[in-house]
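Order of listing sets the numbers, starting from 1, for every ligand and every atom in it. Along the sequence shown, residues are numbered consecutively beginning with 1. Just so you know, these numbers use all the heavy atoms, side chains as well, and skip hydrogens, waters and symmetry mates.
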Amino acid sequence: MNNFQYYNPVRIVFGENQIEQLSNLVPTDARVLITYGGGSAERTGTLDEVRTALSTNGTREVFEFGGIEPNPEFNTLLKAADMVNEKNIDFLLPVGGGSVIDGSKFVALVASLTNEDGTVSRDQAWDALTGYCKNIDSAVDLGAVLTIPATGSEMNSGGVVNHSDRQAKLPFGNPLAFPKFSILDPTKTLTLPDHQVMNGVADAFVHVMEQYLTYPVNAKVQDAFAESLLKILIKEGKAVKADPDNLETRKNIMWTATMALNGLIGSGVPQDWTTHMIGHELTSLHGIDHARTLTILLPSVMRELKDSKNEKLLQYARNVWHLDSNSDTKQDDDSLIETAIVYTENFFRDLGLPVSLEDAELDKSAIEPIISQLEAHGMVKLGEHGSNDLTVSRRILERALISKA
Ligand code: NZQ
Ligand code: ZN
């Protein structure tokens, strides 16, 4: 196991009707900006619950900023950051999914980068984003109300922002962006459209894989946790498909997705993130949902990198899919791995998710623009060994053209 520091200050408040806890969690004299997305939080009544809780116990002044897009847009977020300064906001409260929470983290981090007229400097904010927001040393406090289990943003300090005009979707991370708390009410997920539920399961699954499927460092806790999370997602993913109204299933999916990317299973182990970094370019160029870019790419990443990931792939086949003990014949290592990859593809397919570029109606003409964008964004040394250059990324994309299974 490698050396590590694990720090996670996020208070998780989990369960039905827990939005009312906002009256205790948000400082009583705060000037709060509620941020939300395209309207689901209003339609489902969640925003009303939030407003009521904030008006209880205290003298808070509450403002609202709606319209944060899925894959949150830089320009929209800077409008919210201007509002933070205009209204002297000292607490941000995103109500939504990864996009609203990530976007609000970015707002919290860049709000102090102002011009002389008090507006947030677009140039400085862009520079901050291209530098992963690492050098920012102050931020507005933030707490979150999660409405879609998927990204883990509710319990981590990272995010991703999209800049359509520049065709760039870029990650950032800064410990100041940890939410003070996150409220996870699983009943809120019952209003999600079916495809968003499946996206969430797949995103969480791939988060685990990015931190697990590298090379062994004898990290027994991290490996066992990761394998458990994968098995739960496989089981509960199928369960939610069959019985979407089952609240117990929703609860387990919600907590699993949070655990998948809160830093725990990634501590002291090598991490990959190749699938995510190529996936961000697919979203930015073709507007494909984040999770779907991952299910398109992961099987090809596994096949292309099967030599360097050999030991973990075998461990995955045995411990997650129980392959050698189930098979009638003793398969050699390569076919065991291929079977595990096919099982992974079938799992994604069963959730109604694409597993190839063809499934997303893209052909080989899509590949070179993605490679150019990876180059433009400095994504030229991906993976746990930093050895996935553009040639490797091209091969991954070529493998992803048509699904093998
Ligand atoms: O915008 P509204 O109207 O709210 O609708 C949203 C949106 O259309 C809808 N929705 C959310 N909760 C709902 C609901 N509809 C009905 N009922 C509810 N309870 O769902 C749609 C998708 O929302 P979004 O926030 O975009 O989804 P998700 O949570 O999957 O977030 C995706 C974003 O997170 C980034 C992705 O790149 C993407 O930009 N990620 C963030 C990470 C992180 N912070 O650690 C890691 C991830 O790998 C990921 O990159
Ligand atoms: Zn993701």
Determine the sole option in T283, D203, N71 for which the side-chain hydrogen bond (donor to acceptor under 3.5 Å, both in side chains) test with H290 is passed. D203

Looking only at protein heavy atoms, which one is nearest to atom 30 (O) of ligand 1, and what is the separation? A150 CB, 3.8 Å

Given H280, K169, H276, which has its nearest heavy atom closest to atom 36 (C) of ligand 1? K169

Distance under 4.0 Å to a non-hydrogen atom of P72: what atoms of ligand 1 satisfy this? 39 (O)

Part of S153 within contact of ligand 1 (heavy atoms, under 4.0 Å): both

Quick one: look up the protein heavy atom nearest atom 11 (C) of ligand 1 and list residue, atom name and how far away it is. T147 OG1, 3.6 Å

What verdict does the side-chain hydrogen bond (donor to acceptor under 3.5 Å, both in side chains) test give for S284 and Q373, after you've listed the backbone C-alpha separation in whole Å, the side-chain angles of each residue and the deciding distance to 0.1 Å? CA-CA 9 Å; S284 139; Q373 291 301 86; 4.7 Å; no

Are any of the N/O atoms on K105, whether in the backbone or the side chain, positioned under 3.5 angstrom from an N/O atom of ligand 1? no

Say whether T44, considering both its backbone and side-chain N or O atoms, lies within less than 3.5 Å of an N or O atom on ligand 1. no

Any ion pair linking R122 and D82 (charged N to carboxylate O, less than 4.0 Å)? yes

Show me the donor-acceptor pairs within less than 3.5 Å that the side chains of residues 137-148 make with the rest of the protein, sequence neighbours left out.
from	atom 1	to	atom 2	distance (Å)
T147	OG1	G96	O	3.4

Do N388 and T274 get their side chains close enough for a donor-acceptor pair, meaning under 3.5 Å? yes

Counting each atom of ligand 1 from 1 as listed, which ones have a heavy atom of N156 under 4.0 Å away? 43 (C), 44 (N), 45 (O)

Which option wins on minimum heavy-atom distance to atom 16 (C) of ligand 1: V161, T191, N162, I101? T191

Closest candidate by heavy atom, reference atom 24 (P) of ligand 1, pool A257, A41, G66, S99: S99

K251 and E16 ion-paired at < 4.0 Å: no

Any nitrogen or oxygen of G158, main chain or side chain, under 3.5 Å from a nitrogen or oxygen of ligand 1? yes

Less than 4.0 Å between a side-chain N and a carboxylate O, is that true for E61 and K87? no

Whether F74 and F106 hold their rings parallel, tilted or perpendicular, with breakpoints at 30° and 60°: tilted

Among all protein heavy atoms, pick out the one at the shortest distance from atom 49 (C) of ligand 1; state its residue, atom name and that distance to 0.1 Å. H290 NE2, 3.3 Å

Those atoms of ligand 1 less than 4.0 Å from some heavy atom in D102: 34 (O), 35 (C), 40 (N), 41 (C), 42 (C), 43 (C), 44 (N)

What protein heavy atom sits nearest atom 1 (O) of ligand 1, and how far off is it? G38 N, 2.7 Å

Nearest candidate to atom 13 (C) of ligand 1, where distance is taken over non-hydrogen atoms, out of D185, L192, I148, I68: L192

Please state whether N71 comes within less than 4.0 angstrom of ligand 1, counting heavy atoms only. yes

Would you mind finding which of G173, S40, G159 brings a heavy atom closest to atom 15 (N) of ligand 1? S40

salt_bridge(E338, K306) N-O dist < 4.0 Å: no

Answer side chain, backbone, both or neither: which part of A291 comes under 4.0 Å from ligand 1, heavy atoms only. neither

ang(NE2 H276, the Zn ion (ligand 2), OD1 D203) rounded to 10° is 120°

Would you say the side chains of E311 and Y215 form a donor-acceptor pair under 3.5 Å? no

Tell me: protein heavy atom nearest atom 8 (O) of ligand 1, and distance? P70 CG, 3.7 Å

Please tabulate, one pair per line, all N/O donor-acceptor pairs under 3.5 Å involving side-chain atoms of residues 231-247, not counting sequence neighbours.
from	atom 1	to	atom 2	distance (Å)
K231	NZ	N319	O	3.4
N246	OD1	E248	N	2.9
N246	OD1	T249	N	3.2

Examine the proximity of ligand 1 to T151 and report which part, side chain or backbone, both or neither, has a heavy atom under 4.0 Å away. both

Heavy-atom count check: over 12 atoms from other residues, nucleotides or ligands less than 6.0 Å from D117 CG? yes

D185 and T187 side chains, donor-acceptor separation under 3.5 Å: yes

Using a 4.0 Å heavy-atom cut-off, say whether T46 meets ligand 1 through its side chain, its backbone, both or neither. neither

Using a strict 4.0 Å threshold on nitrogen-to-oxygen distance, state whether R303 and E345 make a salt bridge. yes

Output yes when the distance from some N or O of ligand 1 to some N or O of G39 is under 3.5 Å, and no in every other case. yes

Mind telling me whether W255 and F14 have parallel, tilted or perpendicular rings, with 30° and 60° as the class edges? perpendicular

With a cut-off of 4.0 Å, which atoms of ligand 1 are near a heavy atom of L261? 45 (O), 46 (C)

Between R292 and D359, is there a side-chain N and carboxylate O pair less than 4.0 Å apart? no

With backbone taken as N, CA, C and O and side chain as the heavy atoms from C-beta onward, which portion of E69 lies under 4.0 Å from ligand 1: side chain, backbone, both, or neither? neither

Does an N or O anywhere in K188 fall below 3.5 Å from an N or O of ligand 1? yes

Ligand 1-proximal atoms of Q196, by part, heavy-atom distance under 4.0 Å: side chain

Starting from atom 29 (O) of ligand 1, what is the nearest protein heavy atom, named by residue and atom, and what distance separates them? G98 N, 2.7 Å

Given atoms NE2 of H290 and NE2 of H207, what angle do they subtend at the Zn ion (ligand 2), to the nearest 10 degrees? 170°

Quick one: look up the protein heavy atom nearest atom 47 (C) of ligand 1 and list residue, atom name and how far away it is. H207 NE2, 3.3 Å

Could you verify whether a donor N or O on one side chain and an acceptor N or O on the other, from N199 and D289, lie under 3.5 Å apart? yes

